[in-house]
Each structure stands twice: as structure tokens, then as C-alpha cells.
Amino acid sequence: MPDSQLARPRRIVVAITGATGAVYGLRLLQLLVATPGVETHLVLSDAAVLTLHQETGVGRKDIEAQAHVVHKLRDIGASIASGSFQSDGMVVAPCSMKTLAAVAHGLSDNLITRAADVVLKERRRLILMVRETPFNLAHLRNMTAVTEMGGIIFPPLPSFYHHPHSIAEMVDHTVARVIDLLGIEHALAPRWNGLKTPEPSTTN
């Protein structure tokens, strides 16, 4: 069979839950959709729709229109609910503590948590951008459990060494690190090239 028939796009599942930080999921989706050779599969929780509107002014139809494929939260028969569907990773951005707990305990109570369970059992990359502070013991234990199962806990903490001038730059830098974890090339944010040597002091 010709290689052209065997080739497929890199499929990335993007899930957005109701935790604060909806801009991370929105920006991640925008960047992945604009990346050649990447196919995005979007799932929104009911609370995510409310948070997206509150924090970004974006409605359900607007964000769904940006994804290649949209799945309904209650559609447990969707393609991404099966391990036989070949995907290349999943990001929950942001990830609520409820979703974290469901993933940690294998509940698979909706399509987001079922898809995450599939990614873990198939030994694919699962990235949870958990949003809560401070963490209580249940949160920490659930994060430990997901890490032990092979998932990556990625709280969206801003970096400042690249001297961001806006919230948008901080968001992009964080999302760039997530895209790195997916193994997708990008030129979204500057790379660390080592610590700059301070200028010698001219004062005594």
C-alpha cells in the first residue's frame, strides 16, 4: 500500500472543563488547528461553556467552529472513547479537580474522563492542566495517582525569564510548553539559551 494511504494526521484530543483558565484551552486549540498535519478533537464540559463565556466572551458555537472534530460530552460511543481509534495524545486545559479525581479513580463518567482513561490505558500522552490553589490532600493524592499511571500533571504556572509584556504572552509561553510535550514543532515562544551574565558593577 502506498505511504500516502498509510499516512494520517496527528490526532490530538483537547478537552476543556469548567475550571478557571479557559483561555489555555482556547489558545491551545487555535494553535493546534493552525498547525499543518494536526487534527483536533474537541470535547467541552457543560461548565466549560459557562467559564469560556465568562472569561473570554467566546460561546460554544464559536469555539466548536475552530476544531476539526467536535464530540458531545455524553457521547460515550464517540471515536475517542475507543483505544482502537489512533490518537497521539490528549490535553485537558484547564482541568478541574472533579475531572482530575475522575481520571485518578478511573470513573469514565463522561467522554472527557473516558477519553483520558483510553489514553492512559493505551500508554499515550495525557496532559492535565490542573487549576486550583491551594491544593488539599485529596488533590495532591489524585495528582500522584495520575502521575503513577503515566499522565503528566501540568499546572499552568507562568514563567517570567522571557520578560512577558502581556497576559497573552504568558499564556502562549505556557501553551508552547504543552505543545512541546506533544512532540509538535512550533515557534510560538522563545527558547531558554542559558543565564545571561550580569554586567559588572561600576560602583565600589
Output a table of donor-acceptor pairs, distance under 3.5 Å, between side-chain atoms of residues 24-38 and any protein atom two or more places apart or on a different chain; print 'none' if there are none.
{"residue": "Tyr24", "atom": "OH", "partner": "Pro156", "partner atom": "O", "Å": "3.4"}
{"residue": "Arg27", "atom": "NE", "partner": "Asp172", "partner atom": "OD1", "Å": "2.6"}
{"residue": "Arg27", "atom": "NH1", "partner": "Gln30", "partner atom": "OE1", "Å": "3.4"}
{"residue": "Arg27", "atom": "NH2", "partner": "Asp172", "partner atom": "OD2", "Å": "3.3"}
{"residue": "Thr35", "atom": "OG1", "partner": "Leu31", "partner atom": "O", "Å": "2.7"}

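- Applying the side chain to side chain contact (heavy atoms under 4.5 Å, CB included) rule to Thr51 yields the partners Ala22, Glu55; only residues at least two apart in sequence or on another chain are considered.
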N/O donor to acceptor pairs below 3.5 angstrom from side-chain atoms of residues 59-66, sequence neighbours left out:
{"residue": "Arg60", "atom": "NH1", "partner": "Glu64", "partner atom": "OE2", "Å": "3.4"}

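- No continuous path of hydrophobic side-chain contacts links Ile80 to Ile12 [ILVMFWY only; heavy atoms under 4.5 Å].
- Closest heavy-atom contact between Arg131 and Ala19: CB-CB, 3.9 Å.
- Judged as a salt bridge (Lys or Arg N to Asp or Glu O under 4.0 Å), and not counting sequence neighbours, Asp75 has no contacts.
- Minimum heavy-atom separation, Ala93 to Met129: CB-SD, 3.4 Å.
- Counting heavy atoms from C-beta outward, Val92 and Thr17 have side chains that approach closer than 4.5 Å.
- In this structure, Ile127 CD1 and Arg177 CZ are separated by 10.5 Å, a value rounded to the nearest 0.5 Å.
- Checked against side-chain hydrogen bond (donor to acceptor under 3.5 Å, both in side chains), Ser45 has no partners two or more places apart in sequence or in another chain.
- Counting only heavy atoms from C-beta outward, the side chains of Arg74 and Leu111 never approach each other to under 4.5 Å.
- Residues Ala67 and Thr40 share a closest heavy-atom pair of CA-OG1, 3.6 Å.
- Residues passing the side chain to side chain contact (heavy atoms under 4.5 Å, CB included) test with Ala168, sequence neighbours excluded: Ser166.
- Expressed to the nearest 0.5 Å, how far SG of Cys95 lies from CG of Leu100 amounts to 5.5 Å.
- A donor-acceptor pair is defined here as one N or O able to donate and one able to accept, closer than 3.5 Å; such a pair exists between the side chain of Thr113 and the backbone of Asn110.
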Requested in this report: Let me see the working for Leu181 and Phe154 under side chain to side chain contact (heavy atoms under 4.5 Å, CB included), right down to the final yes or no.
Outcome: CA-CA 10 Å; Leu181 289 173; Phe154 193 113; 3.6 Å; yes

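- In this structure a side-chain-to-backbone donor-acceptor pair under 3.5 Å is present from Thr56 to Val58.
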Query raised in the report: Yes or no on side chain to side chain contact (heavy atoms under 4.5 Å, CB included) for Asp88 and Arg125, after CA distance, side-chain angles and deciding distance?
Result: CA-CA 7 Å; Asp88 298 278; Arg125 182 140 291 188; over 6 Å; no

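- Shown here for Ala104 and Met149, the closest heavy-atom pair between the two residues is O-CE, 3.5 Å.
- Judged as a ring pair (Phe, Tyr, Trp, His ring centres under 6.0 Å), and not counting sequence neighbours, the contacts of His41 are His71, Phe85.
- Heavy atoms of other residues, nucleotides or ligands lying less than 6.0 angstrom from CD of Glu122 number more than 12.
- Linking Ile, Leu, Val, Met, Phe, Trp and Tyr residues whenever their side-chain heavy atoms come within less than 4.5 Å leaves Leu128 and Val118 in two separate clusters.
- Through side-chain heavy atoms spaced under 4.5 Å, either directly or across other Ile, Leu, Val, Met, Phe, Trp or Tyr residues, Leu137 is tied to no other residue.
- Closest non-hydrogen pair, Pro9 versus Glu39, comes out as CG-OE1, 3.5 Å.
- Remark: Arg8 CZ to Gln86 CD distance equals 5.0 Å, nearest 0.5 Å.
- Hydrophobic clustering keeps Leu44 apart from Val119 (ILVMFWY residues linked when any side-chain heavy atoms are closer than 4.5 Å, directly or through intermediates).
- Side-chain heavy atoms closer than 4.5 Å link hydrophobic residues (I, L, V, M, F, W, Y) into clusters, and following such links, possibly through other members, connects Leu73 to Leu126.
- Looking at heavy atoms from C-beta onward, Ile153 lies in side-chain contact with Pro155 at the 4.5 angstrom threshold.
- With sequence neighbours excluded, the residues satisfying side chain to side chain contact (heavy atoms under 4.5 Å, CB included) with Pro164 are Phe160, His162, Glu169, Met170.
- Listed here is the closest heavy atom pair of Val103 and Ala116: CG2-CB, 3.8 Å.
- Screening residues 128-147 for ring-ring contact (aromatic ring centres under 6.0 Å, His included), with sequence neighbours left out, gives no hits.
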Requested in this report: Show your working on side chain to side chain contact (heavy atoms under 4.5 Å, CB included) between Leu42 and Val13 and close with a plain yes or no.
Outcome: CA-CA 6 Å; Leu42 175 67; Val13 179; over 6 Å; no

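- Clustering ILVMFWY residues whenever any of their side-chain heavy atoms sit less than 4.5 angstrom apart, transitively, puts Val171 in the very cluster that holds Val91.
- Each side chain to side chain donor-acceptor pair (under 3.5 Å) pair with one or both residues in residues 93-107, not counting sequence neighbours, appears once here: Ser96-Thr99, His105-Asn142.
- Taking Arg10 as the reference, nothing meets the side-chain hydrogen bond (donor to acceptor under 3.5 Å, both in side chains) condition, with sequence neighbours excluded.
- Looking at Arg114, its side chain does come within 3.5 Å of a backbone N or O of Ala81 through a donor-acceptor pair.
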